[in-house]
Asks: 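Please read through the structure below; I'll follow up with questions.
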Amino acid sequence: MKKISVVLMGCGGVGRQLLQHIVSFRSLHAKMGVHIRVIGVSDSKSLLVPVDVVKEELDDDLLSVVCRLKSAGSPLSTLGALGKGEYRVLNGSESTRETEEIAQLLGKSTGLVVVDCSASSETVEILMKAVDLGCCAVLANKKPLTSTLEHYDKLVLDPRRIRHESTVGAGLPVIASMNRIISSGDPVHSIVGSLSGTLGYVMSELEDGRPLSQVVRAAKTLGYTEPDPRDDLSGMDVARKGLILARLLGKRIIMDSIKIESLYPEEMRPGVMTVDDFLQNGIAKLDQSIEERVKRASSNGCVLRYVCVIEGSSVQVGIREVPKDSPLGRLRGSDNIVEIRSRCYKEQPLVIQGAGAGNDTTAAGCLADIIDMQDLFP
C-alpha cells in the first residue's frame, strides 16, 4: 500500500469536506493501492498532530470530531480539553514551527503533501519552505499563486510537485486540460471564461428581466455570495483566477496589470458603506444603468456575461456582450464555463463547463490532485 502523508491548512467548508471525502473513500483508495495519512490539520490559530508523525496518523474518528467541531464554529484548540487520543494541539507560532519541522522530516524521505484550503495570504511562506524541502503542494487557495512573481516562481519551480486545479474551476478540469494542451506544443491564443458561479447566476437572472438589486439580495439569501456580496461583485476573485491561468501560459504579469470592472462604484466600497446600507439603499441605484445595458445587448442579439478574457499579454475582467446562441450566452445559473482557443482548437474552441463552485466540488478537485501525485511517493 502506497502511503501519502497530508497536512491540511484550513478547516473551513472546503477543508472539512476534504476530510470527509478522505474518510468516506478509504475503500476506493485501497483498491487503488493508496492510503492517505492525515498527520496534521490546522485552522488559523492551532495545529492538530499525532504524537509521532512518522508512525502515527489522525484516525478517522478524530477527523470526524474535527469536522463536527469546526462546523459548530469552535476552534481546534478546544480539542485540547477533550483529553483523549494520542495527539497534540499546538497554538500560535508553535503550530507554524511544527508544520515546518514535519516538512523537513518527511519532505525528502517518505514525502508529504501540504494542502492549502484556507483563504489566507499568510500561507505562502509555509508553502514555499515546504516546496524547498521536497514536499508537494495542493492548493484551493488562490492567494499564494497570485502573490508576487518571486513567490509564484518558487512555488512552481518543480511543476510535478504542485497541483492547483481547485483554484480556478473548483472540480472542473481546466488546469489539467490546459497543461495537456501546453505540453503538446499547441499554442493557446485566447481564453474566455465565466469563472464565478455567483456572477454567472447574477447575469443569467438579469437576462430574465430582474433588477440587479433583487438578484443580488436573492443570491445572498441562497448562500451564493460571500457575507459581503461586494467581495463577489468587485470581480477580484475572477481576476485572481485569470491571473493564475495567464501565468500558467507563461505570461509575466501581476494583479495591478489586470483591468477589472467592478459592478459597484468606489463610493459604495467596503469601509465607506456598510453591507446593510449597500443592500438596502446603495445597490438599487445601479438597477437602471444595468437594465439599460441588458436591453442594449438584447437588441444586438446578445446577452451580458461577466467574463475573464486572456489574449496576448492582456487580461481583462468585466461585463461583455456575447452572442445569445454561443456557449457563454447559453450559460445558466451558477455553472462555470471556459473557452480555450489554440492552433488545434481554432475554429471550434475547447469548451469546459460544469459546476464551478461549492465546497463539495472544490474538495473533490483537491482530493483528485492528491491522488494524482501518488507516483511521486515511494
Side-chain angles (χ1 to χ4, degrees), residues 1-11 15 18-19 22 34-58 76 87-167 175 179 244 247-248 366-378:
M1 187 73 70
K2 184 168 289 191
K3 294 181 179 180
I4 301 177
S5 300
V6 167
V7 170
L8 170 65
M9 298 190 293
C11 270
L18 175 59
L19 292 178
I22 290 171
V34 173
H35 176 76
I36 297 177
R37 299 176 63 240
V38 181
I39 60 170
V41 176
S42 70
D43 58 14
S44 59
K45 296 180 179 178
S46 305
L47 171 69
L48 172 68
V49 291
V51 173
D52 186 342
V53 295
V54 175
K55 297 179 181 179
E56 301 170 0
E57 61 187 275
L58 303 175
L76 278 177
Y87 61 83
R88 297 173 293 153
V89 179
L90 305 168
N91 299 310
S93 59
E94 274 187 322
S95 64
T96 301
R97 282 199 304 271
E98 180 73 11
T99 302
E100 292 172 1
E101 287 174 10
I102 292 171
Q104 190 162 11
L105 183 64
L106 300 180
K108 292 181 180 177
S109 54
T110 58
L112 176 71
V113 180
V114 180
V115 183
D116 187 358
C117 287
S118 73
S120 172
S121 57
E122 296 178 5
T123 59
V124 66
E125 296 294 338
I126 293 176
L127 288 167
M128 286 194 301
K129 287 182 180 178
V131 170
D132 279 344
L133 292 167
C135 300
C136 299
V138 168
L139 281 70
N141 182 9
K142 291 176 279 293
K143 291 178 181 176
L145 291 174
T146 55
S147 183
T148 65
L149 281 168
E150 181 185 5
H151 288 165
Y152 180 83
D153 290 341
K154 286 184 179 179
L155 289 174
V156 302
L157 187 61
D158 185 349
R160 298 174 306 160
R161 295 188 175 274
I162 185 165
R163 299 285 191 281
H164 53 95
E165 191 68 77
S166 294
T167 59
I175 303 293
N179 278 331
I244 289 170
R247 286 179 170 180
L248 191 64
C366 288
L367 182 53
D369 278 348
I370 294 169
I371 296 296
D372 194 40
M373 288 177 156
Q374 62 179 289
D375 291 341
L376 298 174
F377 285 76

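For this chain, numbers begin at 1 and follow the sequence in order. Not measured: the values here are computed from a predicted model.
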Asks: Would you compute the distance between atom CG of Asp369 and atom CD1 of Ile162 and round it to the nearest 0.5 angstrom?
Replies: 10.0 Å
Asks: Could you tell me whether a side-chain N or O of Arg161 sits under 3.5 Å from a main-chain N or O of Cys135, the two making a donor and an acceptor?
Replies: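 Judged by distance alone, no pair lies under 3.5 Å.
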Asks: Go through the steps to decide whether Ser42 and Thr99 satisfy the test side-chain contact (heavy atoms from CB on, under 4.5 Å), and finish with yes or no.
Replies: CA-CA 9 Å; Ser42 70; Thr99 302; 5.7 Å; no
Asks: Using modelled atom types only, decide if a donor and an acceptor are shared between the side chain of Ser166 and the backbone of Cys366 within a distance under 3.5 Å.
Replies: yes
Asks: Between atom CG of Leu76 and atom CG of Leu48, what is the distance when rounded to the nearest 0.5 Å?
Replies: 6.0 Å
Asks: For a 4.5 angstrom cut-off between non-hydrogen side-chain atoms, does Leu248 reach Asn179?
Replies: yes
Asks: Which distance, rounded to the nearest 0.5 Å, do you find between the CD of Gln374 and the CD1 of Ile36?
Replies: 9.5 Å
Asks: In the structure I gave you, are the side-chain heavy atoms of Arg247 and Leu149 within less than 4.5 Å of one another anywhere?
Replies: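 Side-chain contact under 4.5 Å: yes.
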Asks: Side-chain contact, heavy-atom cut-off 4.5 Å: Leu112 with Ile39?
Replies: yes
Asks: To the nearest 0.5 Å, tell me how far Glu122 CD sits from Asn141 CG.
Replies: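 Atom-to-atom, Glu122:CD and Asn141:CG are 11.0 Å apart.
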Asks: Enter the distance from Ser147:OG to Asp153:CG here, rounded to the nearest 0.5 Å.
Replies: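 Output value for this atom pair is 11.0 Å.
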Asks: Under 4.5 Å between any side-chain heavy atoms of Val138 and Val6, yes or no?
Replies: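 Side chain of Val138 against side chain of Val6, heavy atoms only: no contact under 4.5 Å found.
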Asks: Supply the atom-to-atom distance Ile126 CD1 to Glu100 CD, rounded to the nearest 0.5 angstrom.
Replies: 6.0 Å
Asks: Considering non-hydrogen atoms only, spot the tightest contact between Val89 and Ser46 and give its length.
Replies: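 Distance-wise, the nearest heavy atoms are CG1-CB, 4.1 Å.
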Asks: Taking all non-hydrogen atoms of both residues, which atom of Gly15 and which atom of Leu8 are closest, and how far apart?
Replies: O-CD2, 3.7 Å
Asks: Which is it for Arg163 and Asp372 under the side-chain contact (heavy atoms from CB on, under 4.5 Å) test, yes or no, and what are the steps along the way?
Replies: CA-CA 9 Å; Arg163 299 285 191 281; Asp372 194 40; 3.0 Å; yes
Asks: Measure across Val41 and Val38 and return the closest heavy-atom pair with its distance rounded to 0.1 Å.
Replies: CG2-CG1, 3.7 Å
Asks: Pair His164, Ile175 - check side-chain contact (heavy atoms from CB on, under 4.5 Å), show working.
Replies: CA-CA 8 Å; His164 53 95; Ile175 303 293; 3.9 Å; yes
Asks: Testing Leu145, Thr146, Val124 one by one against Tyr152 for a side-chain contact (heavy atoms from CB on, under 4.5 Å), which residue passes?
Replies: Leu145
Asks: Considering only heavy atoms from C-beta outward, does the side chain of Leu106 approach that of Leu133 to under 4.5 Å?
Replies: no
Asks: Please walk me through it: do Phe377 and Val113 pass side-chain contact (heavy atoms from CB on, under 4.5 Å)?
Replies: CA-CA 10 Å; Phe377 285 76; Val113 180; 3.4 Å; yes
Asks: Are there more than 12 heavy atoms of other residues, nucleotides or ligands under 6.0 Å from atom NZ of Lys143?
Replies: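 Yes - once you tally the heavy atoms of other residues, nucleotides and ligands closer than 6.0 Å, there are more than 12.
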Asks: With heavy-atom distances below 4.5 Å as the criterion, would you say the side chains of Met128 and Leu155 are in contact?
Replies: yes
Asks: Taking the side chain as every heavy atom from C-beta outward, state whether His151 and Glu125 have any pair of such atoms under 4.5 Å apart.
Replies: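 A side-chain contact under 4.5 Å exists here.
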Asks: Donor-acceptor check, side chain of Arg37 to backbone of Val53, threshold 3.5 angstrom: yes or no?
Replies: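 The answer is yes, because a donor-acceptor pair under 3.5 Å joins these two groups.
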Asks: Any idea which heavy atoms bring Ser120 and Pro144 closest together, and the distance?
Replies: O-CD, 4.4 Å
Asks: For a quick test of reading the model, state the closest non-hydrogen atom pair linking Gly111 to Ser5 and the distance between them.
Replies: O-CB, 3.8 Å
Asks: If you look at every heavy atom in Arg88 and Val51, which pair is closest and at what distance?
Replies: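 Result for this residue pair: NH2-O, 3.8 Å.
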Asks: Taking the side chain as every heavy atom from C-beta outward, state whether Thr110 and Lys3 have any atom pair closer than 4.5 Å.
Replies: no
